[in-house]
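Everything on this sheet refers to the single structure shown next.
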Number of protein chains: 2
Amino acid sequence: MKKGLLIVFSGPSGVGKGTVRKQLFKNESLNLAYSISMTTRLPRKGEVDKQDYFFVTKEEFEEALKKDELLEHAQFIGNYYGTPKFYVEKLREEGKNVFLEIEVEGAKQVLDYYKDDPGVLSMFLVPPSLRDLENRIRGRRSEEESVIRQRLNKAKREMDLKKNYQFIILNDNVNRASEEISRIIELKLVAYHKEQELKK
Amino acid sequence: MKKGLLIVFSGPSGVGKGTVRKQLFKNESLNLAYSISMTTRLPRKGEVDKQDYFFVTKEEFEEALKKDELLEHAQFIGNYYGTPKFYVEKLREEGKNVFLEIEVEGAKQVLDYYKDDPGVLSMFLVPPSLRDLENRIRGRRSEEESVIRQRLNKAKREMDLKKNYQFIILNDNVNRASEEISRIIELKLVAYHKEQELKK
């Protein structure tokens, strides 16, 4: 079994990461899989442990942190969220390409953690223009101007981090961007598998 | 000897293709080579046949056209210019990756000609914004507003053709863009060579 990639997919808030991700998952030949996050928050109705999240106690989460078992983590409204390494690696060992759609702060932690792994592919999705991003952020819902300004400023700060990624993908069109990303994943996979063969 | 790629590198007027190309040619491990154009214009002082251009007569050029020996061609101030296939293929057979920096019309012809060749890599360089492109075009030299307008409109029309390329590269920074392009060339080369091996 050839080991899969870890694909770190990021970009500013509002750029359309989710739409592109959905398009990519339709392409079964890419062999993509979601990683599952670990969290200390309680399961909501219908949520299943080890499927939606790994639900753990605060003590278990802090133990995982201490043992360096999380690729990244953050706190949100008093709860911890993180990406456990063992599950990402399990999927990769099964030949899956693990797709991590993640905001820039989490991405930075993951890329630091994995900086010497040749099987990591990092991509940053950018809007055709800041004006376009503003339209997207404004279009989402009717909010106060000050809130929209805040979101836009956050997105601009996030955009400054694009240089940390191997590939910058222009989201001019969902289908085109998804095709380009698929092309990069396929090429990277061939190169990664070849590298693994040579190591044997 | 493993066959090299044909790299078609294009983008709107003024985006900075030449600067990126120079940066790429500094990286010797990419094994890049220029193709040589064929032209009916007379050699200028210091120009050497088969080095700067293949200098030919109008009859020879038209004969080459008739025999479908040119990947693309255009007329400029009464002279023909074109890219002879034999030279591109000779370099590729020698293991070189042939780098064709070319405007969008010529690129379209080349990509049509080579549409079934798995060794073709097409990339389109885009500016961070149209405003940025305008600044670049204005900065080049002091020209009349109407001329600048014309150039800018041409560049915008050229931008519309970006969807015809396999990869769109954001020229936010020459070094970063060149690194991303190098990465794509390296991945593509591994995949292309693997494909050739499997065919044997």
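Chain A is the first sequence line, chain B the second, and so forth, proteins listed ahead of strands; every chain is numbered from 1.
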Atom pair CG (L187(A)) and CD1 (I185(B)), whose distance is rounded to the nearest 0.5 Å:
12.0 Å
Tell me, side chain or backbone of K188(A) under 4.5 Å from chain B's heavy atoms, or both, or neither?
both
Please rank I184(A), I169(A), L189(A), V126(A) by heavy-atom pairs under 4.5 Å with chain B and give me the top one.
I184(A)
Around atom NZ of K108(A), are there more than 12 heavy atoms from other residues, nucleotides or ligands closer than 6.0 Å?
no
What distance do L130(B) atom CG and R131(A) atom CZ have between them, rounded to the nearest 0.5 Å?
12.0 Å
Are I77(A) and V147(A) linked, directly or through other ILVMFWY residues, by side chains that come within less than 4.5 angstrom of each other?
no
Heavy-atom neighbours of E28(B) CD exceed 12 at 6.0 Å
no
Relative to chain B, which of R183(A), R176(A), K162(A), E179(A) shows the most heavy atom pairs under 4.5 Å?
R183(A)
Same cluster or not: L24(A) versus Y165(A), using hydrophobic residues (I, L, V, M, F, W, Y) connected whenever any side-chain heavy atoms lie under 4.5 Å apart?
no
Stepwise side-chain contact (heavy atoms from CB on, under 4.5 Å) check, N173(A) with K163(B)
CA-CA 9 Å; N173(A) 170 287; K163(B) 62 180 185 302; over 6 Å; no
Interface moiety of L170(B) toward chain A, non-hydrogen atoms closer than 4.5 Å
side chain
Do Y34(B) and L71(B) sit in the same hydrophobic cluster, where Ile, Leu, Val, Met, Phe, Trp and Tyr count as joined when their side-chain heavy atoms come under 4.5 Å apart?
no
Would you say Q196(B) has more than 12 foreign heavy atoms packed within less than 6.0 Å of its CD?
yes
